[in-house]
There are 2 protein chains.
Amino acid sequence: MNEHPLDIDYDRYRVPPGGGFRLSSIASDDTQGMDDKDAARATLSALRERLSSLQERLYAEDRQALLLVLQAMDTGGKDSTIRSVMKGVNPQGCRIYGFKKPTPQELARDFLWRVHQRVPPKGHIGIFNRSHYEDVLVVRVHGLVPPELIEKRYDHINAFERLLHDHGTRVVKVYLHISKDYQLERLRRRLERPDKWWKFNPQDLEERKRWDDYMRAYELALNRCSTPEAPWYVVPAEKRWFRNLVVARLLVDTLEAMSPQYPPPSFDPADYPPASLR
Amino acid sequence: MNEHPLDIDYDRYRVPPGGGFRLSSIASDDTQGMDDKDAARATLSALRERLSSLQERLYAEDRQALLLVLQAMDTGGKDSTIRSVMKGVNPQGCRIYGFKKPTPQELARDFLWRVHQRVPPKGHIGIFNRSHYEDVLVVRVHGLVPPELIEKRYDHINAFERLLHDHGTRVVKVYLHISKDYQLERLRRRLERPDKWWKFNPQDLEERKRWDDYMRAYELALNRCSTPEAPWYVVPAEKRWFRNLVVARLLVDTLEAMSPQYPPPSFDPADYPPASLR
């Protein structure tokens, strides 16, 4: 498209429905041969303006919603992606929710209960920072529920996301793809900076030891739950400027396809000529 | 302060506790003699960066919250203030909630029930776009509940806000002050632009006829509910660049007074020299 000087092809990162996808097929440091960071900055800025204006129309229309599900390994850049891509979008039309370890009240219900409560209302962009996918990722890796139940959860997730889709919520899912070496580099950097210590938890190193188990759990989830209605995208996330471009472009194109429209006025404009107001 | 080239005095807009305040004492088009919009833009930009960094510390600290209550007459600029001041602040640390006409479920409880559910969690900045004050404003003007009950509500509001204050939430309340003539100008402009029709509702004109009743209800609420713990500010809102500066400055200074700190690490950094990570 002419308005975006850097033309990103994100379709190659979409996980095809039906299975057979391998994470190793996508390089976590891919940039599609681009290296012009100035052009990237300008493009991101243009995409953000477009996103901001589409969001206003979505809000005004008040008939559809967009849900972005963000998953990543620790240090994968979820927070930073949200901050970079959503900067300048009216926060009133966005609902960003970070899912943490479930509370006892949440554990007393099925795993979709707490998630369902947080879906974006019509007119809004919702972002899940972690999500119901943790219930087939960390839960699988640590064996927190019986394998037969985890097996059923993929179908429950697909049914749930189809429910959202059928009622006007477009669901897009992004896995921020990094390598184990890249994570090491990021963790080291975190430990070098006292103002980043609050983000570090020694438990992260325990999870890191299970890297391969996590990759297997991700591959399963991506293969089982990438559907035409709610596709998964595996976004190379080591070059942060590239990652931001891909995610921003994906959101803009999704919203453009949703084509939100300003609603017709609730009154007859002919009855209210501006000069008649007192 | 040296870092803010335009030095705004917002203290003169604070409603003193104890009563006797009149809205007419503050000019709705006041700019404190400033007219340099370029300087205003630069100052706002600096304040936003400061706000963004304070918000990160607030989030990291995870012990205090900030609640901004925003009230205004129609066209007073609540949405635009939120968009302008919060631009660039990490949306994940902000909870912005617009209160609409109460639902039957909400009306089945006391007026603070729905509001209490929306208070910001620790580490967050919350913004109420309209609030529990509607229950002593529109409700008073239209006589929706008996006067004796409205009379009691001011005290209930003060007790509720003190509850928040005593548990770590700083409450700041802003009334965006405009004149009846200014509203007329804005409504006319809205009717001239088809892309703004969705914001127009003929009912707004009915409310406009009760302007004086609203001003009386606001004066009562401001006088009864401006407390040392949860002060009201009457911010001149006709010059939008000035309004943004005042609100941004107020938030920055409030957060600076709260002085959020990065928490101590949950581990002994000496146990984790960066180079030891594998």
Nearest-0.5 Å distance, [atom1] of residue [X] to [atom2] of residue [Y]:
{"X": "A:Q92", "Y": "B:S80", "atom1": "CD", "atom2": "OG", "result": "11.0 Å"}
{"X": "B:L205", "Y": "A:Y272", "atom1": "CG", "atom2": "OH", "result": "6.0 Å"}
{"X": "B:L277", "Y": "A:E185", "atom1": "CG", "atom2": "CD", "result": "12.5 Å"}
{"X": "A:S266", "Y": "B:K199", "atom1": "OG", "atom2": "NZ", "result": "14.0 Å"}

Between [options], which residue shows the highest count of heavy-atom pairs closer than 4.5 Å to chain A?
{"options": "B:G93, B:A275, B:C94", "value": "B:A275"}
{"options": "B:D79, B:N201, B:D62", "value": "B:D79"}
{"options": "B:R190, B:E192, B:K180, B:K209", "value": "B:E192"}
{"options": "B:P263, B:P202, B:S276, B:P273", "value": "B:P202"}
{"options": "B:A60, B:S52, B:G88, B:S84", "value": "B:A60"}

Does a sphere of radius 6.0 Å around [atom1] in [X] hold more than 12 heavy atoms from other residues, nucleotides or ligands, not counting ones at 6.0 Å or beyond?
{"X": "B:H167", "atom1": "NE2", "answer": "no"}
{"X": "B:R109", "atom1": "CZ", "answer": "yes"}
{"X": "B:K87", "atom1": "NZ", "answer": "no"}

May I ask you to test the [X]-[Y] pair for a side-chain heavy-atom distance under 4.5 Å?
{"X": "A:P265", "Y": "B:F200", "result": "no"}
{"X": "A:Y97", "Y": "B:R95", "result": "yes"}
{"X": "A:F267", "Y": "B:L191", "result": "yes"}
{"X": "A:P194", "Y": "B:P269", "result": "no"}

Quiz prompt | Nearest heavy atoms of B:E56 and A:K196, plus distance in Å | solution = OE2-NZ, 4.2 Å
Practice problem: Return the set of residues passing ring-ring contact (aromatic ring centres under 6.0 Å, His included) with B:Y175 (not counting sequence neighbours), or none when no residue passes. | Solution: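 With sequence neighbours excluded, B:Y175 shows a ring-ring contact (aromatic ring centres under 6.0 Å, His included) to B:H177, B:Y218, given in chain and number order.
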Self-check item: Side chain, backbone, both or neither of A:R278 within contact of chain B (heavy atoms, under 4.5 Å)
Solution: both
Quiz item: Okay, side chain of A:R83, backbone of B:P91: is any donor-acceptor separation there less than 3.5 Å?
Solution: no
